[in-house]
Amino acid sequence: MKARKKFYTAAITALIIAMTATTEAIESGLNPEFSVTPIQNTKPVPAGDKLPNMTATSAIVIEAKTGHVIYERDANRRMFPASTTKMMTLITALENNALDETVTVGKNAAGAEGSTLWLVEGEKIPLGEMLSGMMMISGNDAAIAIAEHVDGSVSKFAAHMTKRAKEIGAKDTNFTNANGLPDPNHYTTAYDLAIMAAYGYTLNNFEEIVSAKEKTFSWVHDDTHLLRNENQMLWLYKGGNGVKTGYTDAAGRCLISASNRNGVQLIAVVLDSLYMWNDSIELLDYGFSKVENKALIKSDEPIDTLPVISGRKHTMQVKTTNEVVMPIFSDDEKAYKLSYDVPSYLRAPIKKGDTVGKIRVLCDGKEVGETKLIATSDVEQKSFFKMLWNSIKSFF
């Protein structure tokens, strides 16, 4: 078993070395039909910052499956989130209500300030459509209507959001409303937003809603009935699939962006950014230069040979069941550890395919995958008289 552990440790290191050789040059994921004007950062940045030209006060890029942080700048600093708040509004609604429920617009929603969908008191709209409108156009009125529909009031819904965010893994977040309008007690961090977004991608309908570029709804008060997403990263960046813009004078320009390329889902967050599109492109480019999906554990891989007690065979080889493909990080060879849950022996009878243990894959201490270990053949149990005779022989 020790030899097998050393083999897998060496394999992970070899994967990382191979990646490092191919990811030194960062190729931009900017779609070729678009361009952005290069900018020069005028803000002071921490010494040794790997992206000194990025203008965001607080920023992070993570890999969603593992939550592994690839880059961060002051990511745990408490910040105003502006309308990126609506991502957690979406998550809370998706977890507690059905998309075909009917939401009735109340007077509080119809009188909302800031960006709106121009909802009218008394309108009845399917929840799924209202969630899409909220995320695409950043409708503060929709956020209020959704909050009142789910929990009866905005204050109760905000408390619900806060509680759920902490359960998901947010460390320093507090919501007082559902839309992100300024409030001294309404805050979060770039890290928390990234973790919430990563969780969102595990939910049904989340990606479909946050990645929609354009949609038409009959209730939209415009001749075209068309809504177009304000998140330009959906057009600008290859694989762009989310999630939310935000702006207030207090928060500055904010953006949670995301991209899925070659099966790798990255999430980038910039808060108080001078040039949020440039910053987000730079973050995602850097992230994709440091990560690549690889097979960490192969299927049908022999792992160990274990002694068998009371069996007609004395040993049994055990092997893995499934392949475990994980994002490998070229700048962190210690991100992964393998935990072996394997018994010291097996007891007959044993059937081929019986689960006898497992290997757990840990990233930054969190379990992110596993493969079961199974028996590779049948082993019959020795008869009572055979075992008795062997005991007598061994005695003499």
Side-chain angles (χ1 to χ4, degrees), residues 16 19-32 34-64 67-82 84 171-172 187-195 197-198 231-233 236-240 243-247 249-259 261 264-292 327-335 364:
I16 291 169
M19 283 181 57
T20 302
T22 59
T23 58
E24 289 180 352
I26 298 178
E27 295 184 5
S28 179
L30 183 69
N31 275 316
F34 296 99
S35 62
V36 292
T37 303
I39 53 94
Q40 184 67 43
N41 183 26
T42 58
K43 288 184 176 180
V45 298
D49 193 300
K50 295 178 181 178
L51 299 177
N53 213 39
M54 191 179 60
T55 66
T57 297
S58 178
I60 195 170
V61 60
I62 70 168
E63 191 283 319
H68 181 72
V69 177
I70 302 173
Y71 166 90
E72 64 92 17
R73 176 190 293 173
D74 212 359
N76 291 305
R77 179 173 177 170
R78 187 178 289 184
M79 304 285 287
F80 293 123
T84 61
K171 299 176 181 179
D172 193 14
Y187 55 82
T188 188
T189 68
Y191 173 85
D192 284 3
L193 288 172
I195 293 300
N231 181 8
Q232 296 304 306
M233 291 292 285
L236 289 172
Y237 203 81
K238 295 174 185 176
V243 293
K244 189 69 191 76
T245 59
Y247 174 80
D249 288 342
R253 293 177 179 85
C254 305
L255 177 64
I256 308 168
S257 59
S259 173
R261 292 166 55 187
V264 175
Q265 178 71 60
L266 295 189
I267 295 164
V269 181
V270 294
L271 300 177
D272 187 26
S273 168
L274 296 178
Y275 298 91
M276 66 183 187
W277 310 121
N278 298 62
D279 286 350
S280 299
I281 291 168
E282 189 170 7
L283 273 175
L284 291 171
D285 283 349
Y286 182 81
F288 281 117
S289 77
K290 299 295 183 182
V291 62
E292 184 178 357
I328 304 298
F329 308 101
S330 63
D331 58 352
D332 193 348
E333 65 182 63
K334 297 181 180 180
D364 300 330

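Considering all non-hydrogen atoms of both residues, T189 and A75 come closest at CB-O, 3.3 Å. What you find for G29 and D285 is that their closest heavy atoms are N-OD1, 2.7 Å. Summarising the geometry of D49 relative to L51, their closest heavy-atom pair is OD1-N, 2.8 Å, with the distance given to 0.1 Å. Of all heavy-atom pairs between I62 and A194, the closest is CD1-O, 3.6 Å. Here the closest non-hydrogen pair linking S257 and L284 is OG-CD1, 3.9 Å. Taking both residues in full, the closest heavy atoms of P52 and V45 are given as O-CG1, 3.7 Å, listed atom of the first, atom of the second, then distance.
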Would L274 and I39 count as a side-chain contact (heavy atoms from CB on, under 4.5 Å) if you check the C-alpha gap in whole Å, the side-chain angles of each, and the deciding distance to 0.1 Å? CA-CA 10 Å; L274 296 178; I39 53 94; over 6 Å; no
Please report the C-alpha distance between L271 and L193 in whole Å, then the side-chain angles of each, then the deciding distance to 0.1 Å, and finally whether the side-chain contact (heavy atoms from CB on, under 4.5 Å) criterion is met. CA-CA 10 Å; L271 300 177; L193 288 172; 3.9 Å; yes
What verdict does the side-chain contact (heavy atoms from CB on, under 4.5 Å) test give for L236 and L30, after you've listed the backbone C-alpha separation in whole Å, the side-chain angles of each residue and the deciding distance to 0.1 Å? CA-CA 6 Å; L236 289 172; L30 183 69; 4.1 Å; yes
Please test R253 against Y247 for side-chain contact (heavy atoms from CB on, under 4.5 Å), starting from the C-alpha separation and ending with a verdict. CA-CA 5 Å; R253 293 177 179 85; Y247 174 80; 3.8 Å; yes
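Judged purely by distance below 3.5 Å, without hydrogens or angles, the side chains of T55 and D279 pair a donor atom with an acceptor atom.
With R73 contributing its side chain and M54 its backbone, the two residues share a donor-acceptor pair below 3.5 Å. A donor-acceptor pair under 3.5 Å is absent between the side-chain atoms of R78 and the main chain of D172, judged by distance alone. For S259 (side chain) and K238 (main-chain N/O), a donor-acceptor pair under 3.5 Å exists by modelled atom type.
A distance of 5.0 Å separates OG1 in T57 from CE in M79, rounded to the nearest 0.5 Å. In this structure, CD1 on I195 lies 11.0 Å from OG1 on T188, to the nearest 0.5 angstrom. Atom CD of E72 is separated from atom NZ of K50 by 10.5 Å, given to the nearest 0.5 angstrom. Expressed to the nearest 0.5 Å, how far CD1 of I328 lies from CD of E63 amounts to 10.0 Å. Interatomic distance, CG of N76 versus CG of D192, reported as 7.5 Å (0.5 Å rounding).
Salt bridge annotation for K43-D272: present, with a cationic side-chain nitrogen under 4.0 angstrom from a carboxylate oxygen.
By the 30° and 60° cut-offs, the orientation of the rings of F288 relative to Y237 is parallel.
Residues N231 and V243 are not in side-chain contact: their nearest non-hydrogen atoms beyond the backbone lie 4.5 Å or more apart. Counting heavy atoms from C-beta on, the side chains of T245 and W277 come closer than 4.5 Å. Taking 4.5 Å as the limit, some side-chain heavy atom of L266 sits within range of a side-chain heavy atom of I70.
Residue Y275 qualifies as open at atom OH: its count of foreign heavy atoms under 6.0 Å is 12 or below.
Remark: K171 qualifies as a cation-pi partner of Y191 under the 6.0 Å distance and 45° angle criteria applied to the six-membered ring.
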